[in-house]
Amino acid sequence: MPNIEPCARRFFTSESVTKGHPDKVADQISDGVLDSLLRHDPNARVACETLVTTGLVVLAGEVTVHTHEAEEALLAVDETAREVIRSIGYDDSSTGFDFRSCAVMRSLHSQSADISQGVTEGEGEHAEQGAGDQGLMFGFACDETKVLMPLPIHLAHRLTARLSEAREQGDVRWLRPDGKSQVTIEYENGEPKRVDTVVLSTQHTEEALSPRTGNMSDKARKELIRKIVKPVIDAECPGMWSSRIKFHINPTGRFVIGGPHGDAGVTGRKIIVDTYGGRGAHGGGAFSGKDPSKVDRSASYMARHVAKNVVAAKLAKVCEVQLSYAIGVAEPVSVHVNCEGTAKVDEERLAAVLPDLFPLKPKDIIEYLDLRRPIYQDTAHDGHFGRRGRAFTWERTNRAKELRKACGL
């Protein structure tokens, strides 16, 4: 487990990708399809996988809807996919991927009846709605940032978000949608001390190239540091900007060919980017394209909510919560808490009080976090955690006071 244990000096790195990265294009299309169905049928069952490559989108998976309006939305998923691609910024056929001209193939069928009877309330052997699959889910929080996320992944996300913002607002006119960030933080005695290295790779037009070398010009690199990197670091960790930071800006030299034309993208291939950047553990399940009856998604959101409330309650500086489920069974199989030696109360006691304060059955999680809404396309870029807004109900810290009281503090 990649914990940042207190010691003299350590380095930890996390990465993020922009909304125009091929895998994130696939995630956003899958969640765009999910949103289009939930908008007309809050009880829709959706597991939509997407593949994108040069001029092509392939949709596959299982979908069950219960209203006429949702059936019409299902028939229009090709237009939904095109609208998502347009919103990301792929609107030029010269890039090899354009919302107007790309082909959309689909192979969507109804959910297995065997799975449905274990998930649908009142069917099968169980009266309560059970988990949509077996599995283990992790939630994590720490006090390194205001949003209680690890600093490396938080900065990496803010850099990719700023890249997209600068492109969409025209602040850097030669940017294109694809891109990546990577941030290395130096830790001392378990605390973030400084930003050590920033890696930033972004797709661009020919305008960013040096006529002499054919690679990205020094002027363009300096513009990215000035308009993207420095504002993010100054805003998110005041005092950490310094001349000691090492920069690798478009280190290959050239990134004109990108997006799905440069590399195929698939739903669910950025699970570490989506979560905590390699900090803590991951159960292996992806989020995008899955309706909230799938505990891969809903229980991961709840585990984050629980962990964040533990840290917000100052019961620990670090908290990782594991929930595990059996398909068709409502109650979690286990609840585990690991505070990496920072807990102010016994971890066994903490694990024992959590089910009394937080709903952990699938149906209760869905209702508590209000997950039957069309909120998911926005979660499919720049991370599912550490975000603000009405959609991100799992980021609330509304149970912190009750949690302290339940622990006798």
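Because the structure is predicted, anything quoted here is derived from the model rather than measured. In what follows, residues are counted from 1 in the order of the sequence shown.
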message: Does Lys227 have more than 12 heavy atoms from other residues, nucleotides or ligands lying within 6.0 Å of its NZ?
response: yes
field: Check ion pair Arg162-Glu165 (N to O, under 4.0 angstrom)
entry: yes
field: Salt bridge flag under 4.0 Å for residues Glu331 and Lys361
entry: yes
message: Quick test of your reading of the model: are Lys270 and Asp23 salt-bridged, counting only N-O distances below 4.0 Å?
response: yes
- request: For the pair Asp35 (side chain) and Tyr376 (backbone), establish whether a donor and an acceptor sit closer than 3.5 Å, ignoring hydrogens and angles.
  value: yes
field: Over all atoms of both residues, closest heavy-atom pair of Thr267 and Ser30
entry: OG1-OG, 2.8 Å
message: Working to the nearest 0.5 angstrom, can you tell me the gap between Thr202 OG1 and Ile249 CD1?
response: 10.0 Å
field: Ala166 to Ile228 - nearest heavy-atom pair and separation
entry: CB-CD1, 3.6 Å
task: Check whether any side-chain heavy atom of Leu175 sits under 4.5 Å from a side-chain heavy atom of Leu224, and report yes or no.
output: yes
Residue pair Ile185 / Leu155, side-chain heavy-atom distance below 4.5 Å: yes
query: Can you find a heavy atom in the side chain of Leu200 that is under 4.5 Å from one in the side chain of Leu163?
result: yes
message: Rounded at 0.5 Å granularity, tell me how far CD in Gln182 sits from OG1 in Thr197.
response: 8.5 Å
message: Working note: Phe12 + Thr184, criterion side chain to side chain contact (heavy atoms under 4.5 Å, CB included); need CA distance, chi angles, decisive distance, verdict.
response: CA-CA 5 Å; Phe12 195 83; Thr184 301; over 6 Å; no
query: Would you say Asp178's side chain and Gly259's backbone share a donor-acceptor pair under 3.5 angstrom?
result: yes
field: Electrostatic pair Lys314-Asp143, nearest N-O below 4.0 angstrom
entry: no
message: Just checking Lys246: does its NZ atom have more than 12 heavy atoms from other residues, nucleotides or ligands closer to it than 6.0 angstrom?
response: yes
- prompt: Is a salt bridge present between Lys294 and Asp296, judged by a nitrogen-to-oxygen distance below 4.0 Å?
  reply: no
- request: Calculate, to the nearest 0.5 Å, the distance between atoms CD1 and CD belonging to Ile153 and Glu144 respectively.
  value: 12.0 Å
Closest heavy-atom pair and its distance - Val77, Arg106: CG2-NH1, 3.2 Å
- prompt: Closest approach of Cys319 and Ala307, non-hydrogen atoms and distance?
  reply: O-CB, 3.6 Å
task: May I ask you to decide whether Arg173 forms a salt bridge with Glu223, counting only side-chain N to carboxylate O separations under 4.0 Å?
output: no
field: Whether over 12 other heavy atoms sit under 6.0 Å from Ile257 CD1
entry: no
query: Between Glu340 and Arg279, does at least one N-O distance fall below 4.0 Å, as a salt bridge requires?
result: yes
- request: State, with a plain yes or no, whether a side-chain heavy atom of Cys102 is found less than 4.5 Å away from one of Ile85.
  value: yes
message: Tell me whether Thr18 contacts the main-chain N or O of Pro177 through its side chain, where contact means a donor paired with an acceptor under 3.5 Å.
response: yes
field: Atom CD of Glu348: over 12 foreign heavy atoms under 6.0 Å
entry: no
- prompt: Between Lys405 and Lys401, is there a donor-acceptor pair closer than 3.5 Å when you use the side chain of the first and the backbone of the second?
  reply: no
message: On a heavy-atom basis, which atom in Ala316 and which in Cys339 lie closest, and how many Å separate them?
response: CB-SG, 3.7 Å
query: When you check the side-chain N and O atoms of Thr160 and Ser16, is any donor under 3.5 Å from an acceptor?
result: yes
- request: Measure across Leu360 and Tyr325 and return the closest heavy-atom pair with its distance rounded to 0.1 Å.
  value: O-OH, 2.6 Å
query: Does Arg387 come within less than 4.0 Å of Glu395, counting only side-chain N to carboxylate O?
result: no
message: Evaluate Val84 against Gln377 for side chain to side chain contact (heavy atoms under 4.5 Å, CB included), listing each step before the verdict.
response: CA-CA 9 Å; Val84 172; Gln377 185 181 334; 3.7 Å; yes
query: Is a side-chain donor or acceptor of Arg82 paired with a backbone partner of Phe99 at a separation under 3.5 angstrom?
result: yes
field: Near-ring test His384/Phe287, centroid separation under 6.0 angstrom
entry: yes
message: For Thr393 and Asp370, which I'm curious about, is there any donor-acceptor pair between the side chains at under 3.5 Å?
response: no
task: Taking the side chain as every heavy atom from C-beta outward, state whether Gln134 and Val329 have any pair of such atoms under 4.5 Å apart.
output: no
message: Quick check: Trp174 with Phe255 (ring centres under 6.0 Å apart)?
response: no
- prompt: Can His66 and Asp41 be counted as having a side-chain donor-acceptor contact under 3.5 angstrom?
  reply: yes
query: Are the side chains of Cys407 and Leu315 in touch, meaning some heavy atoms are under 4.5 Å apart?
result: yes
query: Do Gln28 side-chain atoms and Lys19 backbone N/O form a donor-acceptor pair below 3.5 Å?
result: yes
- prompt: Using a distance-only test with no angle check, is there a side-chain donor-acceptor pair under 3.5 angstrom linking Thr54 and His261?
  reply: yes
- request: Output every pair passing salt bridge (Lys or Arg N to Asp or Glu O under 4.0 Å) with a member in residues 46-57, not counting sequence neighbours, ordered by first then second residue.
  value: none
- prompt: Quick check: does any side chain N or O of Thr67 sit under 3.5 Å from a backbone N or O of His40, one acting as donor and the other as acceptor?
  reply: yes
- prompt: Less than 4.5 Å apart, any side-chain heavy atom of Asp274 and any of Lys24?
  reply: yes
- request: Kindly indicate whether the side chain of Val195, heavy atoms from C-beta on, has any atom under 4.5 Å from the side chain of Ile233.
  value: yes
Thr275 OG1 to Phe138 CZ distance, which is reported to the nearest 0.5 Å: 11.0 Å
Salt bridge flag under 4.0 Å for residues Glu188 and Arg9: no
query: Is there a donor-acceptor pair closer than 3.5 Å between any side-chain N or O of Arg304 and the backbone N or O of Gly139?
result: no
- prompt: To the nearest 0.5 Å, what is the distance between CD (Glu83) and CD1 (Ile88)?
  reply: 10.0 Å
task: May I have the step-by-step check of side chain to side chain contact (heavy atoms under 4.5 Å, CB included) for Val57 and Leu59, ending in yes or no?
output: CA-CA 7 Å; Val57 177; Leu59 303 174; 4.1 Å; yes
task: Determine whether the aromatic ring centres of His282 and Tyr276 lie less than 6.0 Å apart.
output: no
- request: Determine whether the side chains of Tyr301 and Arg297 contain a donor N or O and an acceptor N or O closer than 3.5 Å.
  value: yes
task: Mark yes when over 12 heavy atoms from residues, nucleotides or ligands other than Arg39 sit less than 6.0 Å from its CZ; otherwise mark no.
output: yes
Under 3.5 Å: donor-acceptor pair, side chain of Asn309, backbone of Arg396: yes
query: Can you tell me if Asp31 uses its side chain to pair, donor with acceptor, with the backbone of Leu34 under 3.5 Å?
result: no
field: Cation over ring face, Lys308 and Trp394, 6.0 Å, 45°
entry: no
- prompt: Nearest 0.5 Å, what's the OG-CZ distance between Ser298 and Arg372?
  reply: 10.0 Å
message: Under the criterion side chain to side chain contact (heavy atoms under 4.5 Å, CB included), I'd like the reasoning laid out for Asp91 against Arg100: C-alpha separation, chi angles, the key distance, then a yes or no.
response: CA-CA 7 Å; Asp91 54 6; Arg100 300 179 188 89; 4.1 Å; yes
